[in-house]
Amino acid sequence: ILTKELKMVYQGIGKRKTSIAKVFLEEGSGIIKINNKDFESFFSGVKEESELIKNPLVAVNLNNKYNIFILVKGGGISSQMDAIRLAISKAICTINNEYRSLLNQSLFLRRDSRIKERRKYGLKKARKASQYSKR
């Protein structure tokens with residue numbers, strides 16, 4: 001995608017549980033904005049885990065070469081971070097297709113498909129039933 005300033009913008013979409021993340025990469029100095037907030041202020045409670053978002057960029061040596069703009073909604077903090085990491089990995093693959101094999105080896109392109117199981121009628125939760133009484 002070309003922007004107004006004729007910069008190339010690479011896009012990726014990632015999902016995890018109920019979180020959906022859209023990532024836009026453009027050449028720059030390594031600024032990360034999530035929902036128009038700074039990276040540190042958005043994930044202020046989880047410092048160490050939030051660095052896992054940058055792992056796909058580190059794996060292909062693009063650490064401070066692209067500005068990242070992220071739109072994320074739904075889910076909790078952990079699932080949002082996983083969705084962002086998958087979206088960044090997909091966006092990196094659109095930059096150069098040779099990065100796909102590197103990211104595949106590190107399992108960054110693998111989507112975690114586990115979602116909450118739906119509740120069934122006659123049960124209290126998805127699998128929890130009321131206690132069985134023989135007599």
F24 side chain near E26 side chain, heavy-atom distance below 4.5 Å
no
Compare all side-chain heavy atoms of P56 with those of R85 and state whether any distance is below 4.5 angstrom.
yes
Might you confirm whether atom CZ of R111 has over 12 heavy atoms from other residues, nucleotides or ligands at distances under 6.0 Å?
yes
Short question: side chain of R16, backbone of I20 - any donor-acceptor pair under 3.5 Å?
no
Taking the side chain as every heavy atom from C-beta outward, state whether V46 and M81 have any atom pair closer than 4.5 Å.
yes
Report yes or no: does S133 contribute a side-chain atom to a donor-acceptor pair with the main-chain N or O of R135 at less than 3.5 Å?
yes
Take F39 and K54, measure what side chain to side chain contact (heavy atoms under 4.5 Å, CB included) needs, and give me the verdict at the end.
CA-CA 11 Å; F39 176 70; K54 300 176 184 175; 3.8 Å; yes
By side-chain hydrogen bond (donor to acceptor under 3.5 Å, both in side chains), S50 pairs with (sequence neighbours left out) none
The criterion is side-chain hydrogen bond (donor to acceptor under 3.5 Å, both in side chains); which residues satisfy it with E117, sequence neighbours excluded?
K120, R127
For residues 58-68, which side-chain N or O atoms pair as donor and acceptor with protein atoms under 3.5 Å away, sequence neighbours left out?
from: N67; atom 1: OD1; to: S29; atom 2: N; distance (Å): 3.0
from: N67; atom 1: OD1; to: G30; atom 2: N; distance (Å): 3.0
from: N67; atom 1: OD1; to: I31; atom 2: N; distance (Å): 3.0

Sequence neighbours left out, cut at 3.5 Å: what donor-acceptor pairs do the side chains of residues 90-100 make with other protein atoms?
from: K90; atom 1: NZ; to: I13; atom 2: O; distance (Å): 3.3
from: T94; atom 1: OG1; to: A91; atom 2: O; distance (Å): 2.5
from: N96; atom 1: OD1; to: E98; atom 2: N; distance (Å): 3.2

Can you hop from F108 to I70 via hydrophobic side chains spaced under 4.5 Å?
yes
Neighbour count above 12 (heavy atom, 6.0 Å) for I77 CD1:
no
Does some side-chain heavy atom of I88 sit less than 4.5 Å from a side-chain heavy atom of I84?
yes
Same cluster (ILVMFWY, side-chain, under 4.5 Å), L103 and L25:
yes
Any chain of hydrophobic side-chain contacts (each under 4.5 Å) joining L86 to Y10?
no
Please list, chain by chain and in numerical order, all residues satisfying side-chain hydrogen bond (donor to acceptor under 3.5 Å, both in side chains) with R118, sequence neighbours excluded.
none
Other residues, nucleotides, ligands: >12 heavy atoms within 6.0 Å of L52 CG:
yes
By side-chain hydrogen bond (donor to acceptor under 3.5 Å, both in side chains), K33 pairs with (sequence neighbours left out) D38
May I ask you to check whether over 12 heavy atoms, not counting those of E27, lie within 6.0 Å of atom CD?
no
S19 side-chain N/O to G74 backbone N/O, donor-acceptor pair under 3.5 Å:
yes
